[in-house]
S.K.: 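Below is the structure I would like to discuss, written out as structure tokens.
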Amino acid sequence: MRYLPKSDAERQEMLAACGLTSAEALFAQIPAEARLQRPLDLAAGISEYEIADYFKSLAVKNAGALPSFLGAGVYRHYRPVVVDAVVSRGEFLTSYTPYQSEISQGTLMTIFEFQTMICQLTGMDAANASMYDGSTAVPEAAMMAARITGRRGALVARSVHPEYREVLRTYARYQNLPVEEFGYDAQSGQIDFTDLDAKLNAEIACVILQSPNFFGIVEDARKAAELAHSKGALLIFTFSEAVSLGILEPPNADIVAGELQSFAISPSYGGPFAGVIATKEKFVRQLPGRLVGQTSDTNGNRAFCLTLATREQHIRREKSTSNICTNQALIALMATVFLELYGKQGLRELATQNLAKAHYLGSLTRPRFTGPYFNEFVARPPAEPAEVNRRLLDRSIVGGLPLERFYPELAGTMLLCATEMTKRADMDLVAEALA
Amino acid sequence: MRYLPKSDAERQEMLAACGLTSAEALFAQIPAEARLQRPLDLAAGISEYEIADYFKSLAVKNAGALPSFLGAGVYRHYRPVVVDAVVSRGEFLTSYTPYQSEISQGTLMTIFEFQTMICQLTGMDAANASMYDGSTAVPEAAMMAARITGRRGALVARSVHPEYREVLRTYARYQNLPVEEFGYDAQSGQIDFTDLDAKLNAEIACVILQSPNFFGIVEDARKAAELAHSKGALLIFTFSEAVSLGILEPPNADIVAGELQSFAISPSYGGPFAGVIATKEKFVRQLPGRLVGQTSDTNGNRAFCLTLATREQHIRREKSTSNICTNQALIALMATVFLELYGKQGLRELATQNLAKAHYLGSLTRPRFTGPYFNEFVARPPAEPAEVNRRLLDRSIVGGLPLERFYPELAGTMLLCATEMTKRADMDLVAEALA
Amino acid sequence: MIRKVRSHPTQNEDVIFERSSPGKIGYQLPPLDVPEVDPAAALGNEHVRASIDGFPEVSEVEVIRHFTRLSTWNYAIDLGLYPLGSCTMKYNPRINEAVARLEGLAWAHPYQPENLSQGAMEVCARLEEALCEITGLDAITLQPAAGAHGELTGILLVRAFLESQGNARRKVLVPDSAHGTNPATAATAGYAIHNIASNEHGMIDLAQLAAVVDEDVAALMVTNPNTLGVFEANIVKIAEILHAKGALVYMDGANMNALAGMARPGDFGVDVMHLNLHKTFSTPHGGGGPGGGPVAVRKHLEPFLPTPRLARSAGAFTWDYDRPQSIGRMRAYYGNFGVLVRALAYILAHGGPGLRNATVDAVLNANYLRHKLAPHFDLPYDGPNMHEVVFSDERQSAKGVRTGDIAKRLIDYGFHPYTVSFPLIVHGALMIEPTETESKQELDLFIDAMISIAKEIEQDPQMVLQSPHTTRTSRVDEVTAARKPILRWR
Amino acid sequence: MIRKVRSHPTQNEDVIFERSSPGKIGYQLPPLDVPEVDPAAALGNEHVRASIDGFPEVSEVEVIRHFTRLSTWNYAIDLGLYPLGSCTMKYNPRINEAVARLEGLAWAHPYQPENLSQGAMEVCARLEEALCEITGLDAITLQPAAGAHGELTGILLVRAFLESQGNARRKVLVPDSAHGTNPATAATAGYAIHNIASNEHGMIDLAQLAAVVDEDVAALMVTNPNTLGVFEANIVKIAEILHAKGALVYMDGANMNALAGMARPGDFGVDVMHLNLHKTFSTPHGGGGPGGGPVAVRKHLEPFLPTPRLARSAGAFTWDYDRPQSIGRMRAYYGNFGVLVRALAYILAHGGPGLRNATVDAVLNANYLRHKLAPHFDLPYDGPNMHEVVFSDERQSAKGVRTGDIAKRLIDYGFHPYTVSFPLIVHGALMIEPTETESKQELDLFIDAMISIAKEIEQDPQMVLQSPHTTRTSRVDEVTAARKPILRWR
Ligand SMILES: Cc1ncc(COP(=O)(O)O)c(C=O)c1O
Ligand SMILES: Cc1ncc(COP(=O)(O)O)c(C=O)c1O
């Protein structure tokens with residue numbers, strides 16, 4: 001088989017060196033009753049050509065190539081070819097976690113740059129090397145807040161991505177972290193501060209909000225932070241549209257737990273993406289996941305290494321800050337390449353273009369909420385959203401996300417997203433369908 | 001601009017260092033009458049996203065993706081992804097000709113392996129590092145033969161690729177290398193030995209034949225060599241379907257000048273491909289183009305370098321064996337990767353599959369010639385070839401090449417090719433159309 | 001004598017922020033085809049940020065060079081043997097990268113209508129089928145993003161199941177040879193950890209196990225083969241002991257590379273397990289991730305699997321969200337889909353017989369290393385091993401040289417080190433897993449290197465203690481890094 | 001002091017034939033879906049070969065490692081400055097690689113019907129238009145595969161044109177500063193070469209030129225800016241002198257990177273010229289090729305251009321084969337199409353203004369180097385320079401150190417050397433072309449290195465003579481390589 005670099009003669013030679021005469025003997029230690037006594041019921045291996053053919057046949061069954069107005073946590077942004085050129089280099093693609101610093105400085109320095117840029121974007125002091133995604137970063141942040149405050153309760157805004165909230169519930173369930181939700185203002189689509197205020201109490205470890213929120217609307221994070229702090233709770237700030245950081249004032253949150261998919265990470269039917277958690281200096285030792293730090297080698301050269309490992313499972317086992325081990329390094333590298341390519345000017349211009357595109361579409365339709373929105377908004381089509389989408393599909397456009405599924409009270413509305421990749425002509429077609 | 005790594009401040013700084021105040025001043029040496037006094041009449045630069053979009057819009061206008069029965073010198077063989085993975089590495093892609101051996105050993109060793117495998121395939125003693133393509137390799141070989149024999153005339157078989165013969169004529173015209181053609185047997189499609197014999201004389205430097213020839217038919221190269229040698233001429237053997245070397249007995253030619261496109265080089269509308277010239281020990285110093293040789297460094301380690309440069313233009317100028325400088329190195333590297341991946345067993349199995357596919361198609365149609373064929377043959381459709389192709393295109397199949405264009409006497413016939421990528425179902429459709 | 005590498009210059013490179021200068025750009029956007037919008041007007045002044053302090057400004061060519069240069073500072077599978085025990089660093093086939101990037105797969109949106117997602121869903125379906133057949137279990141979820149995420153999923157499944165039986169119980173048993181994620185996971189799921197010591201064969205001691213298993217035990221987390229590379233010969237009895245008390249057997253499948261096609265956890269008593277697609281199924285580690293940690297279960301645990309579940313209705317694939325007993329969601333969307341594509345491509349390439357052959361070669365390589373190195377390094381557990389072998393530095397530490405030092409010296413010899421100091425039950429462990437994609441030539445070079453280092457330690461331990469000597473970065477001061485953390489550039 | 005690089009281990013690797021062992025495979029073909037055919041029966045026993053002696057047998061992972069390891073032995077633009085004079089080693093944008101691989105372009109067959117090739121033909125059409133505008137000439141052929149091939153095309157055009165005027169003439173004038181391909185080409189086209197010496201400014205001497213130009217001269221092959229990086233200030237008069245005698249001006253356009261957007265050969269008297277797409281237009285050199293050498297001409301030479309010519313009829317592109325006066329074909333098909341795609345992508349990315357800015361930066365970089373290095377190295381021609389600058393080793397050779405030795409020492413400093421010993425008119429030339437895609441930081445490091453080497457030569461010439469000292473391969477014995485050629489593995 002092409003992936004196995006041995007001839008049968010070499011196999012025999014090696015078996016002989018082991019004092020064995022048959023490959024079977026290698027498995028003698030497995031008792032018969034534990035052995036599979038038949039071949040696997042899987043077809044024989046196929047050629048590369050057939051593999052390529054097969055996945056092409058699957059790919060064409062998907063809508064990947066059509067213009068689309070779906071956002072809702074996963075955004076279509078252009079991926080500069082440099083990104084894949086970099087992550088395709090075997091030295092990045094096929095290396096392991098950089099435990100051996102002396103032959104991993106490449107990966108280590110890219111993570112150090114990643115951590116730095118996340119701090120610059122979020123206004124935090126320290127960021128970890130990545131989490132699985134935004135949805136798992138949020139519960140990890142909540143657990144972190146509980147450790148920091150010694151409190152258990154979490155208050156999460158209903159305008160946070162519904163699936164993030166579901167994951168939070170799954171994680172919280174057995175850690176006695178009671179999770180309660182607070183509402184949004186039916187007018188503005190922003191969080192309902194009275195509801196939040198009412199639910200805040202001395203048991204609450206953290207208040208969790210997302211901005212732009214699931215409706216695409218920018219929240220007043222500072223105000224929320226003040227309110228949370230006034231009750232001794234921490235503010236956890238999450239985001240799923242990272243491009244917004246190019247233009248939005250960073251929150252003065254205590255913990256930022258977000259999703260970086262917008263940074264040159266393809267939608268890929270929902271993953272792999274890259275989550276991240278950033279926080280303030282004083283909370284660093286409560287961070288989950290890997291951290292890269294700067295130090296020097298015995299010759300005094302600048303060097304990098306994984307650090308503060310005493311937080312982690314391989315050292316601390318059941319007392320670690322999290323059970324995470326493998327993270328999303330290569331995907332975080334995509335984001336790193338993207339951010340360095342776009343840089344200071346580029347990220348801002350990109351954000352401004354997204355803003356302009358979405359507001360053009362917004363100006364042609366009727367946004368449901370009055371709050372300021374970034375690159376997506378809730379629209380009220382005249383007809384059933386599903387019906388509208390069917391019509392759009394006839395013009396080979398993938399429409400928006402009907403919201404009833406997640407927000408029964410928003411039945412009849414749909415979430416529409418526009419990015420720098422959305423063409424005006426397609427937006428005009430959507431406007432028509434919504435007219 | 002994204003490709004220019006300078007800020008305006010840096011430009012000013014550098015101008016100042018040059019004692020200049022404006023960029024204009026850098027061009028003062030160009031007299032006004034030689035200067036372009038207006039901006040170029042070309043649109044402003046566009047973004048990467050627009051470039052990708054534009055070429056995609058062009059790509060879909062071509063037939064690249066359809067099943068095709070075209071061969072005629074350019075063959076559709078599967079390209080293992082490893083090939084592009086290798087040639088996309090910046091260390092191979094963005095390096096220059098390996099003049100500085102100490103930092104070019106990678107490229108040099110791959111060329112050494114290339115030269116070796118070409119020798120193993122062709123039965124020759126030495127091969128060069130590549131020529132532009134097969135069509136230019138042939139005239140270079142003819143010029144080489146003229147230098148070796150001190151004779152001028154070239155006899156070329158009409159069954160050699162018509163465009164190769166055209167190029168030969170262009171090159172030969174001003175070097176007083178009279179080129180005469182000899183015919184093929186109307187029955188077998190192989191060269192007409194009586195005609196060759198009749199035209200051979202003491203003025204003839206070389207006899208040029210192709211196998212498999214343009215009709216896909218295998219020639220009797222040994223017999224041709226004997227005949228040529230008996231008159232003191234050299235035999236130049238050319239090929240355009242390199243995969244055939246996996247199964248065909250290498251010719252005992254004096255010079256082999258062929259095209260390697262079949263070795264994982266995409267059709268790419270006709271180029272870039274890779275030609276090569278191989279020959280016998282005694283003729284090495286008459287080879288055109290670059291050669292890599294094995295030697296050692298001052299520490300006694302095996303090392304490689306460009307060698308026998310005294311044949312080349314940068315040393316010998318007007319007395320060089322050829323004016324070639326830049327060759328097709330990266331494309332030859334594709335062939336090298338391909339050959340090492342397929343190896344001894346693979347190339348033979350590949351050739352055998354091609355043989356089987358073409359003969360399946362041949363068995364359903366009526367080959368025009370009786371000679372043994374490899375993976376293409378001349379068919380006689382009942383209707384006009386153009387018409388047959390039109391019908392096939394309605395079933396989104398690209399048909400074969402109508403031969404009248406190159407061989408008036410073969411009006412009404414078409415050249416059909418089948419490779420390992422040709423599916424039986426498509427061949428059955430073609431058979432139908434030809435029934 | 002070092003035969004595998006020679007020194008060569010590698011480019012230095014600054015941290016990107018040090019290459020930056022104001023006004024350099026590496027991007028261009030298409031012209032805006034809609035009216036401009038003033039951010040302050042649209043979002044409110046207070047929400048609009050000033051420019052991002054310290055953010056880089058560089059050109060495209062500098063970005064390409066930056067990362068190309070950095071990449072040359074890394075070791076990688078593409079460069080040679082990467083024998084990290086427990087990590088299964090095998091060759092990552094390039095075709096897998098190609099198919100994962102097909103537009104229809106890479107640009108599929110998780111919320112696009114199901115009738116426009118059948119191709120992506122078929123990938124999930126075929127992978128689920130294949131993995132069930134390989135594990136011998138009845139149902140599987142592809143949601144978990146990595147092994148530890150799979151462990152948490154699995155233990156939450158155990159908990160939900162036991163709860164449905166009326167008692168979630170309090171304890172999870174974890175052998176002292178287990179990976180750190182096991183206890184960390186059990187704790188995250190709200191269980192108390194009870195460690196159980198391995199016996200002299202590096203296996204779970206039946207008597208001791210029987211003694212601790214009671215109605216308070218929710219599950220045993222067993223790694224099989226365990227982290228010593230030893231197959232738990234009594235696994236069937238172990239499962240009986242737990243099942244007898246209504247407890248479940250969770251298997252950490254990180255070492256499936258020793259079993260695929262040879263033995264199936266479902267056939268030897270395992271109730272729930274995770275797989276590491278980024279180990280057994282060749283998806284690239286990428287410097288730390290991404291991974292894939294599908295969790296397979298027996299029928300009785302199926303109702304509790306995370307939502308949504310892939311289902312078929314009217315000949316089409318659909319996502320089933322109506323799962324009343326489910327533990328809920330483990331992450332947004334459906335999993336690390338791009339990783340699933342790669343794993344399926346790998347399985348298709350090998351096929352059933354191929355997976356078995358790969359397992360044979362993996363175990364053969366590890367046993368070959370054991371036989372060749374045993375004369376030179378201490379073997380704390382000298383029974384037969386499966387896909388990996390664990391030595392200890394007992395002999396070398398007599399000279400003051402520890403496993404970590406031997407590891408650094410290996411770097412000079414052109415190899416990535418083995419896993420250092422794990423599993424914890426072996427004092428000074430050298431944990432070596434070659435995988436099946438290593439040639440005899442490569443293994444022989446590694447054996448020579450190890451033997452040569454053993455000799456060097458006899459003659460000149462100091463030299464080894466100061467290694468590596470040939471790398472662009474010499475030994476890194478990790479202590480200071482932790483004492484005075486510098487976690488970002490300023 | 002060396003600031004640009006540090007030493008690091010790089011993997012050794014055998015020649016592939018030494019890794020081979022019988023039975024290892026790196027491929028798999030789909031199952032044959034038609035009946036098998038016995039080669040001997042189908043082709044005749046005498047035509048079927050025995051297995052290919054010595055051919056490699058290795059696995060896929062070994063192939064990936066083989067080439068990955070070899071690649072680390074190379075220097076490349078992606079790693080740093082590559083200041084080869086006359087080679088225009090600029091950044092190769094990655095988007096160009098991506099678009100050239102689009103299925104519809106990469107898999108287009110040259111004989112597929114024209115109505116199925118309009119996209120490919122549009123690439124050719126747009127590139128032709130752009131290059132005509134950039135050169136200021138009237139027509140162009142994209143057939144030539146490289147510069148030298150373009151030269152041959154151009155000189156054959158000259159010859160065909162003059163023949164059509166009744167006399168092909170006998171001589172071609174070539175300045176002594178010309179690249180070797182120029183005389184080699186003229187000879188291949190059947191012309192006698194007459195060399196003309198440059199004057200003290202490194203330019204063609206008008207008086208001398210006037211003296212040699214007569215009715216026997218077919219053309220002058222001029223490189224402008226010439227290989228000294230000097231613009232032939234009298235180019236207009238030069239053209240007049242030749243035209244006055246009915247001779248033509250051929251321009252070697254290898255140095256167009258100094259002119260694009262600033263000056264057009266068509267505007268200063270050039271009749272025919274070639275371009276190097278792999279220089280000025282950023283297509284990758286790939287270790288020696290492929291290239292692209294389009295030839296642009298004035299109207300009166302158009303009828304002689306190679307067949308086929310791209311034409312338009314009824315709003316569609318078509319290939320015109322009916323060219324009675326054509327010199328014929330220069331190669332099969334239409335040119336190195338994949339290279340043309342890349343060149344067009346480059347032109348579209350820059351656009352008109354961008355090309356001009358690139359030219360400015362290219363010339364700025366070269367002048368910056370001249371000013372910084374002039375105090376340390378001899379400048380045989382100290383006039384203003386364009387895109388490249390040529391020093392001589394006069395001062396250093398006093399210490400016995402030649403340009404070739406300085407070049408080798410540069411390698412230790414982490415740079416690829418400049419072009420050594422060319423042009424021939426400069427004794428011991430150091431020919432330096434930075435191109436526009438180099439940052440000031442990179443140039444400053446290069447300047448430091450050159451100055452530091454100049455100092456080393458003062459202090460310890462022997463050390464420099466033995467350099468490079470840090471590469472995995474020390475100085476290579478090229479003499480033995482030529483004396484006893486070993487051109488293949490055995
Ligand atoms: C035995 C074992 N269990 C669990 C894990 C955790 O898997 P992951 O890193 O994918 O979370 C690992 C990985 O190192 C492992 O080796
Ligand atoms: C001045 C000059 N002319 C001609 C050539 C030949 O071009 P090519 O190598 O593309 O054949 C070169 C390339 O080195 C050159 O520098």
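Numbers restart at 1 for each chain; the letters A, B, ... are given by sequence-line order, proteins then strands.
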S.K.: Given heavy-atom pairs under 4.5 angstrom as the criterion, report whether the side chain, backbone, both or neither of Val398(A) touches chain C.
M.R.: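 Looking at Val398(A), just its side chain touches chain C.
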
S.K.: Taking side chain as everything from C-beta outward and backbone as N, CA, C, O, which of these in Met89(C) sits under 4.5 Å from a heavy atom of chain A? Side chain, backbone, both or neither.
M.R.: side chain

S.K.: Non-hydrogen atoms of chain C under 4.5 Å away: do they reach the side chain of Ser68(A), the backbone, both or neither?
M.R.: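 No part of Ser68(A) comes within 4.5 Å of chain C.
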
S.K.: Please state whether the side chain, the backbone, both or neither of Lys6(A) comes within less than 4.5 Å of a heavy atom of chain C.
M.R.: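 Lys6(A) touches chain C through side-chain heavy atoms alone.
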
S.K.: Name the region of Thr68(C), side chain, backbone, both or neither, that has any atom closer than 4.5 Å to a heavy atom of chain A.
M.R.: both

S.K.: Which answer fits Ala189(C), side chain, backbone, both or neither, if we ask what part of it has an atom under 4.5 Å from a heavy atom of chain A?
M.R.: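 Contact with chain A is through the backbone of Ala189(C) alone.
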
S.K.: For Arg76(A), which atoms come within 4.5 Å of any heavy atom of chain C: side chain, backbone, both, or neither?
M.R.: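 Looking at Arg76(A), backbone and side chain both touch chain C.
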
S.K.: With a 4.5 Å cut-off on side-chain heavy atoms, are Met330(C) and Leu156(C) touching?
M.R.: yes

S.K.: Could you look at Leu84(C) and say if it's the side chain, the backbone, both or neither that has a heavy atom under 4.5 Å from chain A?
M.R.: side chain

S.K.: In terms of heavy-atom proximity below 4.5 Å to chain A, should His371(C) be classed as side chain, backbone, both, or neither?
M.R.: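 The side chain, not the backbone.
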
S.K.: For Phe268(C) together with Phe231(C), are the ring centres under 6.0 Å from each other?
M.R.: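 Judged by ring-centre distance (under 6.0 Å), Phe231(C) and Phe268(C) do meet the cut-off.
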
S.K.: Output the option from Asn74(C), Val360(C), Asp78(C) having the highest count of non-hydrogen pairs under 4.5 Å with chain A.
M.R.: Asn74(C)

S.K.: Of the options Thr170(A), Val167(A), Ile324(A), which is the one that meets Thr136(A) in a side chain to side chain contact (heavy atoms under 4.5 Å, CB included)?
M.R.: Val167(A)

S.K.: Which bit of Pro485(C) comes within less than 4.5 Å of chain A, counting heavy atoms only: side chain, backbone, both or neither?
M.R.: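 Side chain only.
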
S.K.: Let me know if Asn365(C) has heavy atoms under 4.5 Å from chain A in its side chain, its backbone, both or neither.
M.R.: both

S.K.: Is it the side chain or the backbone of Arg370(C) that comes within 4.5 Å of chain A heavy atoms, both, or neither?
M.R.: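 Neither part.
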
S.K.: Tell me, for Ala187(C) versus chain A, whether the close heavy atoms (under 4.5 Å) come from the side chain, the backbone, both or neither.
M.R.: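 The answer is the side chain of Ala187(C).
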
S.K.: Glu97(C) versus chain A, heavy atoms under 4.5 Å apart: side chain, backbone, both or neither?
M.R.: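 For Glu97(C), the contact with chain A is made by the side chain alone.
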
S.K.: For Glu151(C) and Thr181(C), does a side-chain donor sit closer than 3.5 Å to a side-chain acceptor?
M.R.: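 A donor-acceptor contact under 3.5 Å links the two side chains.
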
S.K.: At a heavy-atom distance under 4.5 Å, which candidate from Asn92(C), Thr188(C), Leu79(C) has the highest pair count against chain A?
M.R.: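 Most pairs with chain A among the choices: Thr188(C).
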
S.K.: Given a strict heavy-atom distance threshold of 4.5 Å, which part of Ser117(C) is in contact with chain A: side chain, backbone, both, or neither?
M.R.: both

S.K.: Which bit of Arg356(C) is near chain A, if near means a heavy-atom gap under 4.5 Å: side chain, backbone, both or neither?
M.R.: side chain

S.K.: Does Glu57(C) reach the side chain of Gln345(A), with side-chain heavy atoms less than 4.5 Å apart?
M.R.: yes

S.K.: Does one side chain, of Gln328(A) or Asn336(C), offer a donor that lies under 3.5 Å from an acceptor on the other?
M.R.: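 A donor-acceptor contact under 3.5 Å links the two side chains.
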
S.K.: Give, as side chain, backbone, both or neither, the part of Gln112(C) having an atom under 4.5 angstrom from any heavy atom of chain A.
M.R.: both

S.K.: Flag the one option from Thr480(C), Ile235(C), Val236(C), Asp267(C) with the top tally of heavy-atom pairs under 4.5 Å to chain A.
M.R.: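 Of Thr480(C), Ile235(C), Val236(C), Asp267(C), Val236(C) has the most heavy-atom pairs under 4.5 Å with chain A.
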
S.K.: Could you look at Ile193(C) and say if it's the side chain, the backbone, both or neither that has a heavy atom under 4.5 Å from chain A?
M.R.: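 Just its side chain gets close to chain A.
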
